[in-house]
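Order of listing sets the numbers, starting from 1, for every ligand and every atom in it. What you see below is based on every heavy atom in this structure, not just the backbone, and it leaves out hydrogens, waters and symmetry mates.
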Amino acid sequence: MSLFNKKSDEKSLQVKIPLHLGIIMDGNGRWAQKRMLPRSAGHKAGAQTFRKITRYCSNIGVKYLTVYAFSTENWKRPNEEVSALMNLFKSYLEEALADFKDDSIVVRFIGDKSQFSDELQNLMVKNEESSKDRDGMVLNIAMNYGSRDEIVRAVKIISSKVKSGELNEDDITEDIISSYLYTSGQPDPDLIIRPSGEYRISNFLLWQCAYSEFVIMNKLWPDFTTDDLDEALEIFSKRNRRFGGV
Ligand code: IPE
Ligand code: IPE
Ligand code: MG
């Protein structure tokens, strides 16, 4: 049963809902391999999990959800896998994201869109445009996202502003840097969940995760359920966040 449905349970009342939750959707390939299926079948199953978990996050009151869907390094994978992923993104952008309309979810893409086909880029912009005036959870889908790339991009914009005189070198602050990242205007993630048991960040939200809590779970992403999310939230709720204080 979900935490959301058992509001009368005292324990669930103590669960803290992160304002911003990040999820590294990992383990699709291993899920498929375990079943002697092609890796693309794992990505397809993972996409269903993404759909379910996103709606759940919106229902329980998460305000910002950032999901890592495709990294700047994932182009290194075999052509067959990359093209299966591109086809999956296309069908998702055409159909599934329309689902989120009922939940008033604002859809945004973070990452360098320019590397995708024109068709995919147009679909991304269309989804962003059609959802931008909604008032629900903000869903950031990280596609061709790499945090080092994001930081390089921010440094280039800032240096060009300094060069043109629009910005003073002395006025560069942490807030200014944050404001040139893809997540500009959004709070930093409170919690980052990584399924599949890997203890690493893999170039996800490097600047923004300075004080994020991490929960690593052993489930592979296609097997990840709302109960697993509840479990991660319970772990998060017990953490003592000090932000460098005492
Ligand atoms: C995450 O699952 C999806 C993408 C990176 C696109 P993986 O494909 O990395 O799955 P594993 O880690 O190989 O099991
Ligand atoms: C991180 O997973 C990227 C996504 C989930 C989209 P990877 O599978 O690419 O990361 P590594 O290679 O295990 O670090
Ligand atoms: Mg992986």
Do ligand 2 and Y68 have nitrogen or oxygen atoms that lie under 3.5 Å from each other?
->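 No; every N/O pair is 3.5 Å or more apart.
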Any idea how F243 and Y211 line up, ring-wise: parallel (<30°), tilted (30 to 60°), or perpendicular (>60°)?
->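 Tilted.
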Anything under 30° is parallel, anything over 60° is perpendicular, the rest tilted; go ahead and classify F204 against Y145.
->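 Answer is perpendicular, since the angle exceeds 60°.
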Closest approach to the Mg ion (ligand 3) by D26, given as the N, O or S atom name =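 Output for this pair reads OD1.
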Under-4.0 Å heavy-atom contact with ligand 1, by part of L220 that carries it =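 For L220, no heavy atom sits under 4.0 Å from ligand 1.
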Return the minimal non-hydrogen interatomic distance between R39 and R77, and the atom names on each side.
->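 Taking R39 first and R77 second, the nearest heavy atoms are NH2-NH1, 3.1 Å.
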Give yes or no for whether the N/O distance cutoff of 3.5 Å, strictly under, is met between R39 and ligand 1.
->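 Min N/O separation from ligand 1 is below 3.5 Å for R39.
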Just by distance, do the side chain of D171 and the backbone of L167 share a donor-acceptor pair under 3.5 Å?
->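 Absent.
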Taking S58 for its side chain and M137 for its backbone only, find out whether a donor-acceptor pair lies under 3.5 Å.
->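 Here the side-chain-to-backbone pair does not exist.
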Students should be able to answer this: which protein heavy-atom is nearest to [atom], and at what distance?
| atom | answer |
| --- | --- |
| atom 2 (O) of ligand 2 | R194 NH2, 3.6 Å |
| atom 10 (O) of ligand 1 | G29 N, 2.9 Å |
| atom 9 (O) of ligand 2 | N74 ND2, 2.9 Å |

Among L181, N203, V155, find the residue that satisfies the side-chain contact (heavy atoms from CB on, under 4.5 Å) test when tested with E150.
->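 Testing each of L181, N203, V155 against E150, the sole residue satisfying side-chain contact (heavy atoms from CB on, under 4.5 Å) is L181.
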Tell me which one of M143, R200, E198, M25 gets a heavy atom nearest to atom 12 (O) of ligand 2.
->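 The nearest heavy atom belongs to R200.
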Enumerated ligand 2 atoms positioned under 4.0 Å from heavy atoms of I24 =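 What qualifies from ligand 2 is 5 (C).
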May I ask whether G27 places a heavy atom under 4.0 Å from ligand 1?
->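 Judged by the 4.0 Å heavy-atom criterion, G27 does count as contacting ligand 1.
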Please confirm whether A69 comes under 4.0 Å of ligand 1, counting heavy atoms of the residue only.
->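 For ligand 1, residue contact (heavy atoms, under 4.0 Å) with A69 is present.
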Tell me which part of F70 gets within contact of ligand 2: side chain, backbone, both or neither, using heavy atoms under 4.0 Å.
->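 For F70, the contact with ligand 2 is made by the backbone alone.
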Please state which part of R77 comes within less than 4.0 Å of ligand 2, counting heavy atoms only: side chain, backbone, both or neither.
->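 R77 to ligand 2: side-chain contact only, backbone stays beyond 4.0 Å.
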Within a reach of under 6.0 Å around CZ of R148, are more than 12 heavy atoms found that belong to other residues, nucleotides or ligands?
->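 It does not: R148 CZ has 12 such atoms or fewer within range.
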Taking atom CG of N79 as the centre, report whether more than 12 heavy atoms of other residues, nucleotides or ligands fall under 6.0 Å from it.
->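 Open.
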Which of the atoms of ligand 1 are close to R30, meaning less than 4.0 Å from one of its heavy atoms?
->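 Those of ligand 1 that fall under 4.0 Å from R30 are 11 (P), 12 (O), 14 (O).
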Pair F70 + W75: ring centers closer than 6.0 Å |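 Under 6.0 Å, so yes.
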